[in-house]
Each structure stands twice: as structure tokens, then as C-alpha cells.
Amino acid sequence: MTSTLGRSTRHVPTDDDSLDPERFRILLGTAARVPAVTLAVVATIVVTTMVVANSDLTGIYAAIAGTWLALHQVTLTIDGTSLGVLPLLPTAVLVWQAARGCASAADALVENSGYALDRQDVSRITVAVLAGPLLVTAASLIVLQDAASVLPVTPPNAAAALTWVTGIYLVAALIGIGSRVWKPLVRYYSAPDWLVLAFRPALRVLLGMFALGGVVVVAGLLWSWNVVGELLARGDHWTGVLGLTVMSILYLPNVIIGAAAVLAGSTVHFGDIHLSLFEATGGDLPALPVLAAVPSGPAAAFWPVLLAVPATIGALLGRFAAQRTLQAKADGAPVGSADASWTVLAAAAGAGLVTALATWVAGGPLGVFGTVGANWWLAGILVFAWSGLLGIITAQLLVWREGRLAAAAMRADTEVAEETSEDAADDTADAGADPELEAPEGETPALEAPVAEDADDADADDEEESSVEDTTAAEREVAEVDGDEAAAVDEDEAAEDDAESLEDDADADDVIDAEVVEVVDEGDAEDEGEPDEEVANKAEKGAD
């Protein structure tokens with residue numbers, strides 16, 4: 001489907017707004033499509049029904065005209081009996097088809113012109129979608145006026161008939177055209193975000209209420225299945241059974257809307273029958289199988305528990321609004337804490353308004369039963385109250401809870417950051433006391449340099465001392481070797497002086513013993529050999 005948005009930047013509207021042949025063809029199709037198809041279907045059904053019932057075709061045009069008006073919720077009076085409770089299912093189908101026609105016409109005009117829809121195009125589409133049905137309605141009123149002279153039918157109020165038709169197709173045009181231009185309108189009028197976000201939750205509230213109303217109706221039909229069978233058996237023939245079944249299906253939306261109103265807390269009136277969650281009085285009903293879902297006895301004790309249905313839907317509305325608001329806030333959109341509440345209020349107001357309108361349309365006068373249907377204004381107020389009150393409470397609690405969680409997470413992050421900074425400060429202080437913790441790899445800390453120099457000096461002193469000791473030891477060894485050689489040379493002289501005095505011999509003996517011990521200790525005895533032995537023998541003799 002071609003979009004009608006975003007084309008104004010590429011195509012500038014021309015000054016020529018004349019209705020060219022292509023535009024005229026598009027608008028003519030919009031005006032004629034729905035009425036032509038509807039009249040064809042209605043004529044087929046009416047003729048088939050008359051033929052099956054073996055009826056003459058005298059009032060065929062009056063029947064077609066009356067069916068057209070009935071499809072548009074126009075009250076008919078047949079043989080003095082007003083029929084104002086008309087099935088909503090065919091009317092809903094007409095609205096849907098007309099809305100699709102308006103949307104298709106908008107797309108076709110954009111495709112033809114090359115620029116976005118303007119007010120003149122919107123006006124033309126609206127006039128076109130109204131022109132065809134209003135023309136057929138006027139013709140139907142004329143036909144019924146002529147048939148009133150020969151048939152027991154009273155022509156309806158012309159103003160009421162035209163008003164109903166106009167209102168139905170205006171709603172269809174609003175839905176169809178609005179689906180194509182609502183985004184530009186929102187941007188043009190700078191609508192608040194909470195109002196835009198309220199559309200989808202309002203639709204969910206309506207669908208939830210009507211869906212649960214349908215569940216209640218189905219449960220009632222299953223509970224009263226024997227009564228449904230008895231009512232169908234009154235058709236006598238298959239055609240009668242088929243007719244009752246089709247009428248029950250057509251009236252099913254009316255019954256579902258009444259059940260939704262009862263779930264909200266409203267009251268349904270059907271002649272002498274008054275039905276709510278707190279009371280139920282029996283009475284006579286038309287022989288329509290779908291009405292078997294209406295309970296005949298007093299209200300059960302557990303019925304008030306069903307008020308949890310609108311309460312739950314309201315809580316879900318608040319949850320949805322809170323999630324959308326929090327998501328928008330997370331995306332950086334300028335939303336406040338109260339936007340969730342405004343979204344809930346707007347959605348609840350829309351749901352309540354549509355509920356009241358649908359409840360009003362679903363009811364009406366029905367002959368001897370009087371006004372049939374739920375209390376429409378009470379149903380709308382209750383839907384608004386349940387969804388709005390519970391929705392606001394739920395939304396505010398969720399927003400508050402998320403705010404508390406976010407604040408707790410922020411505090412936790414702050415505490416972690418503070419602890420990290422304190423640990424870093426302690427590490428820095430420890431590094432200042434012990435420079436080795438901060439020294440890069442491969443580098444020597446500045447405070448270690450003097451220690452290293454002292455160590456080098458100590459090593460140098462040790463090397464010098466060891467070298468001195470080595471030198472002294474070497475000199476000692478050289479001196480000992482020289483002394484040994486000198487002793488060997490002077491052996492003969494020492495032998496000649498043995499005879500001198502005993503005191504000199506004793507002193508010489510001490511010196512010789514010391515030198516012999518030193519020579520033996522150094523291992524030089526092996527080198528000297530026999531001279532040493534001779535010296536020792538002489539020393540012994542001298543001692544003796």
C-alpha cells in the first residue's frame with residue numbers, strides 16, 4: 001500500500017486544483033463501491049428469502065429499502081411495532097468497508113498527484129463516501145413512502161434516517177482517512193506524546209472488555225444449551241433453523257456489548273428483566289437462541305467477583321502506560337513522571353466514550369418489551385472509572401518502583417566508585433612509602449641507586465682486601481721458599497758451629513724446628529727430599 005506521508009518534500013503541490021478525470025474516477029469509485037455492493041447483497045438475500053418462503057414479489061422493493069435502512073440502524077415500524085434494536089454486525093461490516101474505501105482513495109490521490117493529501121482532498125473523499133449512501137437512503141425513504149399505502153409499514157423519520165447514515169459514514173471516513181494523515185496532524189499541531197500513546201491502550205481496553213463479554217456469553221450459552229436447542233427446534237424446518245441461527249449470529253455483537261456493560265457494573269433492561277452482577281429478575285424474552293445466555297434465576301453469590309475483570313484490565317492499562325513512559329524516558333524523550341497518568345486518563349476516557357456509544361447503539365425500542373439494552377451512560381462512566389483509577393494507581397506504583405530501583409542502582413554505583421577511589425588512594429600511599437611498587441619494569445628505583453653504589457664500593461674493597469691477602473700469601477710463600485734455599489746452603493756452616501755452646505745450639509734448635517714445621521706444612525718436603533732428612537737428623541743429634 002502506498003504511503004501518503006513524506007512526499008511533500010519531494011513534490012510541491014501545483015496551483016491547479018481542478019478535478020481532473022483521474023481524480024473524478026477515484027472519487028466516483030469511492031462513492032459507488034459500498035452502496036452498489038451492499039444493494040447487490042441485500043437484493044440477493046431478499047429475493048432468495050421470498051422465493052424459499054413461497055411469497056409473492058409484490059413488496060420486494062419495500063423489503064430491499066427497509067433492509068438498507070435497517071443496516072444503518074434506522075428504526076423501522078412494521079404493523080405498528082417499532083424495531084429499534086437492530087443487529088450491529090452488518091453495520092460494523094459496512095463501516096469497515098467504507099473505511100477501506102476511504103484509505104484506498106487517499107492512497108490513489110497521492111499516487112496520482114505526487115504530493116501529500118491536503119484539506120481539499122480530504123474534503124472530496126469525505127463528500128464522496130457520504131454521497132452514495134445518502135443518495136440510496138433518500139431513494140429508500142421514497143420507496144417506503146410509496147409502499148406504505150399497500151403494505152403494513154410506516155416510513156421512518158427522514159431526518160433521523162439521514163442523520164444515522166451520515167454519522168456512520170463520517171466515522172468510516174474518520175477511520176480510513178485518519179489512518180493515513182494522523183502522523184502529519186500530530187506533528188503539525190504538536191500534540192503531546194502522552195495523547196499519542198493513549199490510542200493503543202484505549203483500543204486494548206475496549207478489546208479486553210468486549211472479548212471477556214464474549215467469553216461470558218459463550219459460557220452462558222453452554223450452560224443453557226438445552227434452552228438453545230428448544231429455541232432452534234421451533235423453526236420446524238431447516239429454513240427456520242437456518243434463519244434463527246443467522247439472526248443469532250447477527251445479534252451476537254449486541255449481546256456481547258450488553259455483557260461487557262454488566263461486567264463493568266452497569267444494568268441491562270429487557271422488558272421485565274433487570275440484570276446486573278448484584279441482581280437478576282426473570283421475565284419473557286424473544287424466541288432468539290442467542291438470548292438463552294441471559295440467566296433466568298436470581299443473581300449468584302459469586303457474580304460480584306466478576307468485577308475483577310475491569311479492575312484487571314485497568315491494572316494492565318496502567319502497566320502498559322508505565323512501560324511506554326519508562327521506555328520513552330530511557331530513549332531520551334522529554335517525558336515526565338506524570339505522563340503515564342495522563343496517558344492512562346486519555347485512554348480510559350476514550351474507552352469509556354466508545355463503550356457508552358456502542359452500548360447506546362446496541363439498544364433501542366423493541367415493541368412490547370419497551371426500551372432494550374444496558375444503561376449506556378453508566379457503562380461508559382464505569383469503564384472510565386475502573387480503567388482510569390486502577391490504571392493510574394498501577395502506573396504510578398510501577399514508575400515509583402522503577403525510580404527507587406534506579407536510585408538504588410545509582411547509589412550502589414556511587415559506593416563502588418568511592419571504594420575504588422579509596423583503594424586507588426591507598427595503593428598510591430603505599431607506593432609512596434615503598435618505591436619498588438611504582439618502579440617500572442627494567443628500571444631501578446631512585447632510592448636504590450645509593451645502595452647499589454655502596455654495594456659496588458664494598459665489593460671493590462673486598463676485591464682489594466682479597467688481592468692484598470693473595471699478595472701477602474704469595475710473598476710469604478716466596479719468602480719461605482727463599483728461606484728453605486738459604487737453609488739448604490747454610491747446612492754445612494750450621495754443622496761446623498755445632499760445637500760452640502749449648503745455649504746457642506738450643507736457640508738454633510728452636511729456629512730450626514719452626515722452619516722445619518713450616519716447610520712440612522707447606523708440602524715442600526717432597527721437593528727437598530734427602531736434604532731435609534739430613535737436617536732433621538742433625539737437629540736430633542744436636543738436641544741429644
Side-chain angles (χ1 to χ4, degrees), residues 28-79 81-102 128-148 150-158 160-173 176 239-240 242-254 288 290 361-362 364 366:
L28 182 62
T30 303
R33 184 180 296 111
V34 174
V37 173
T38 304
L39 286 176
V41 174
V42 167
T44 303
I45 293 175
V46 169
V47 172
T48 303
T49 303
M50 286 186 172
V51 170
V52 171
N54 294 325
S55 176
D56 57 3
L57 302 180
T58 303
I60 185 172
Y61 295 110
I64 293 174
T67 304
W68 169 267
L69 294 175
L71 292 177
H72 294 83
Q73 300 297 312
V74 179
T75 302
L76 300 176
T77 304
I78 301 173
D79 198 11
T81 302
S82 297
L83 183 60
V85 183
L86 298 167
L88 286 178
L89 184 59
T91 306
V93 174
L94 285 178
V95 172
W96 177 61
Q97 289 291 340
R100 286 189 60 188
C102 291
V129 78
L130 287 173
L134 287 175
L135 182 61
V136 176
T137 301
S140 300
L141 291 173
I142 295 172
V143 169
L144 287 179
Q145 186 70 34
D146 293 339
V150 295
L151 295 175
V153 60
T154 302
N157 189 321
L162 294 175
T163 301
W164 272 106
V165 174
T166 302
I168 288 173
Y169 287 96
L170 279 178
V171 171
T239 56
L242 180 61
L244 289 174
T245 304
V246 171
M247 290 298 294
S248 296
I249 293 174
L250 295 179
Y251 274 102
L252 186 59
N254 300 61
L288 196 62
V290 72
V361 174
L366 186 60

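Scope of the values below: all heavy atoms of this structure, side chains included, with no hydrogens, waters or symmetry mates. Just so it is clear, the model here is predicted, and its values are computed rather than measured.
The heavy-atom pair separating Cys102 from Ala173 by the smallest distance is SG-CA, 3.7 Å. Smallest separation of non-hydrogen atoms from Thr75 and Pro156: O-CB, 3.5 Å. Residues Met50 and Ile60 share a closest heavy-atom pair of CE-CA, 3.8 Å. Nearest heavy-atom pair, Pro133 versus Ala31, reported as atom, atom and distance to 0.1 Å: CD-O, 4.3 Å. The heavy-atom pair separating Gln73 from Val361 by the smallest distance is OE1-O, 3.8 Å. Here the closest heavy-atom approach between residue Thr137 and residue Trp68 is recorded as OG1-NE1, 3.1 Å.
Taken from OH in Tyr61 to CG in Leu151, the straight-line distance is 13.5 Å, to the nearest 0.5 Å. With rounding to the nearest 0.5 Å, the separation of OH in Tyr169 from CG in Leu134 is 9.0 Å. Distance check, rounded to the nearest 0.5 Å: CG of Leu135 to CG of Leu130 gives 12.0 Å. Note that OG1 of Thr154 is 10.0 Å distant from CD of Gln145, once rounded to the nearest 0.5 Å. Here the CG-CG distance, from Leu88 to Leu71, works out to 11.5 Å after rounding to the nearest 0.5 Å. Atoms OG1 and CG, on Thr77 and Leu83 in that order, are 8.5 Å from each other to the nearest 0.5 Å.
Remark: side-chain polar atoms of Asn254 are not paired, donor with acceptor, to backbone N or O of Pro87 under 3.5 angstrom.
In this structure the side chain of Leu141 reaches within 4.5 angstrom of the side chain of Leu69, judged on heavy atoms. Under the 4.5 Å side-chain criterion, counting only non-hydrogen atoms from C-beta, Val153 is in contact with Leu144.
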